[in-house]
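Accompanying notes for the structure given below.
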Amino acid sequence: MSSEIFDVLIIGGGLSGLSAGNYLFDHNVKHFRILEARDRVGGRTCTIDYNQHSVDVGGAYVGPFQNRILRLAREFGIRTYRVDYKGKNILTLSNGNRSVYTGTIPTNIGIFSLLDVNYLLCRTQELCEQISNLAPWSNEILSEKYDGVTVEDWVQTLSETEAGKELYRTAARIVLCVEPSEVSMFAWLTYINNGLGVMRLFEVDNGAQERKFFGGSQQISDRLRTKLGTDRVLLNHVVKHVQWSPTGDLVKITCDNNEQFSCRHLIIALAPSLYKTIQFEPELPEKKREATERMYMGSIIKTITVYERPYWKEIGFSGSILDTAHALNPVIFSYDDSSDQDRFYAIMGFSC
């Protein structure tokens, strides 16, 4: 064990951990280390090379309101480009009916179903605006009422049409990567509020899917590691044990390679579901432990199908599908994932 005591140790080399390190670095706190379990940084952003084209197989999209990541991109000279969503989209309902529509919301599902969808979205927006971004639990009336109700329960109670239910379920499924019956309505409302509204989450133009990064999203993490120094961002360091000293002024970290570190302050920049991979001594507070044990990662498969030419554009389609029959068809949603500048033509799909 090294006798060196760091000011700060950060567990996790994804965007959160690297951003924490970047904040320390910019404020002249240089005596820190970031411990990343994998052989790369970036976390859930991952860019691979496919025939000399950068392809994002992890998180990829960025919206105009996501100022922190855009500010980092500008610092490193990483440009963005708009996602092409113009053209006709395809909707498939669970009853097999298939139709074509344009815009974000299918308008060809019948007037009553359309009114139903509009009501569900408006009611969702109305509720989420009553929640604080910083302390969502502060609205005790709303949290008590909706934290014990799943999204599925809420939809079943309010929706009047099958098409309305299917579309709302699919929207939640795409965003959260879990079934509507597996997440509380209050968690869903909090997520939407943090995303600046229900339509901002779903739309491309002026929405969360407006742009992508030239060269892929992972390069932001790679550039951060270069800026902070590879000696500060350590790869292949799987943290297995965190021990606070009896006086509480020092923390000892042990990795699976038996390498040990000591620090005065610890930042854990991991998904809560990964806390269970670390032994804490003393244990985390009971409520914190229970919360992390019950929070699990969503499950989704991202597919990228590459074509020689963008045939869908040639016939006036956008490359977007919305399929509510997820039990029958593997891909429930797709976007055009092409880059005309690179002459790379593909469609990205989500399967969950």
Side-chain angles (χ1 to χ4, degrees), residues 14-16 18-19 22 42-47 54-87 89 102-106 121-122 124-129 131-134 136 167-168 170-178 183 187-221 223-224 271 298 300 302 304 318-322 332-341 346-350 352:
L15 280 169
S16 296
L18 290 167
S19 294
N22 190 49
R44 281 174 275 183
T45 60
C46 180
T47 306
S54 298
V55 179
D56 284 318
V57 295
Y61 298 102
V62 62
F65 48 90
Q66 295 170 319
N67 297 320
R68 291 182 178 88
I69 191 71
L70 290 171
R71 191 158 52 241
L72 279 174
R74 285 194 297 270
E75 177 183 341
F76 298 128
I78 300 171
R79 296 181 298 119
T80 64
Y81 64 93
R82 286 183 174 271
V83 172
D84 187 1
Y85 69 100
K86 300 294 195 303
N89 312 318
T102 58
T104 304
I105 301 175
L121 294 177
C122 289
T124 300
Q125 184 64 33
E126 179 185 354
L127 290 171
C128 79
E129 289 176 357
I131 298 174
S132 164
N133 283 337
L134 298 178
L167 287 173
Y168 196 93
T170 302
R173 196 176 286 128
I174 291 168
V175 173
L176 299 175
C177 306
V178 296
V183 63
W188 174 228
L189 293 172
T190 302
Y191 189 99
I192 293 172
N193 189 45
N194 286 326
L196 301 184
V198 63
M199 294 311 297
R200 274 282 179 98
L201 279 179
F202 301 137
E203 290 186 326
V204 176
D205 191 28
N206 203 35
Q209 286 73 230
E210 184 180 84
R211 294 176 178 272
K212 293 186 66 179
F213 295 103
F214 279 113
S217 60
Q218 188 188 334
Q219 64 181 318
I220 296 176
S221 297
R223 300 284 185 87
L224 278 170
I300 195 167
K302 183 177 183 179
I304 300 172
S318 66
S320 293
I321 68 163
L322 179 60
I332 64 170
F333 190 71
S334 72
Y335 271 133
D336 186 313
D337 205 37
S338 304
S339 172
D340 290 329
Q341 177 174 306
I347 290 179
M348 181 283 302
F350 286 144
C352 60

When rounded to the nearest 0.5 angstrom, what is the spacing between [atom1] in [X] and [atom2] in [Y]?
X	Y	atom1	atom2	answer
Glu75	Leu70	CD	CG	13.0 Å
Ile69	Tyr61	CD1	OH	16.0 Å
Ile347	Ile321	CD1	CD1	8.5 Å
Arg200	Gln66	CZ	CD	9.5 Å
Lys86	Asp205	NZ	CG	6.0 Å
Leu127	Trp188	CG	CH2	12.5 Å

With no hydrogens and no angle check, is any side-chain donor or acceptor of [X] less than 3.5 Å from a backbone partner on [Y]?
X	Y	value
Arg223	Phe76	yes
Thr47	Gln218	yes
Ser320	Asp336	no
Ser338	Asp340	no
Asn194	Leu196	no

Side-chain donor-acceptor contacts of residues 206-217 below 3.5 Å, not counting sequence neighbours, with atom names and distances?
| from | atom 1 | to | atom 2 | distance (Å) |
| --- | --- | --- | --- | --- |
| Gln209 | NE2 | Leu201 | O | 3.0 |
| Gln209 | NE2 | Glu203 | O | 3.2 |
| Glu210 | OE2 | Arg82 | NH1 | 3.4 |
| Glu210 | OE2 | Asn206 | N | 2.7 |
| Arg211 | NH1 | Thr80 | OG1 | 3.3 |
| Lys212 | NZ | Asp337 | OD1 | 2.6 |
| Ser217 | OG | Asp56 | OD1 | 3.3 |
| Ser217 | OG | Gly59 | O | 2.6 |

Using every non-hydrogen atom in the two residues, find where [X] and [Y] come nearest and quote the distance to one decimal.
X	Y	result
Ile105	Met199	CD1-CE, 4.0 Å
Ser334	Gly319	OG-O, 2.7 Å
Ser221	Gly42	OG-CA, 3.4 Å
Asn193	Ser132	ND2-C, 4.0 Å
Ile304	Ala346	CG2-CB, 3.9 Å
Gly103	Asn89	O-ND2, 3.0 Å

Would you call [X] and [Y] a side-chain contact if the rule is heavy atoms closer than 4.5 Å?
X	Y	answer
Leu322	Ile174	yes
Ser318	Asp84	no
Leu121	Tyr168	yes

_Working note: Arg173 + Val178, criterion side-chain contact (heavy atoms from CB on, under 4.5 Å); need CA distance, chi angles, decisive distance, verdict._
CA-CA 5 Å; Arg173 196 176 286 128; Val178 296; over 6 Å; no

**Request:** Using the side-chain contact (heavy atoms from CB on, under 4.5 Å) rule, pick out the option among Thr45, Leu72, Leu18 that qualifies with Ile220.
**Result:**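 For Ile220, the side-chain contact (heavy atoms from CB on, under 4.5 Å) test succeeds with only one of Thr45, Leu72, Leu18, which is Leu72.
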
Would you say the rings of Phe350 and Tyr335 are close, in the sense that their centroids are separated by under 6.0 Å?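 Distance test on ring centres: not under 6.0 Å, no.
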
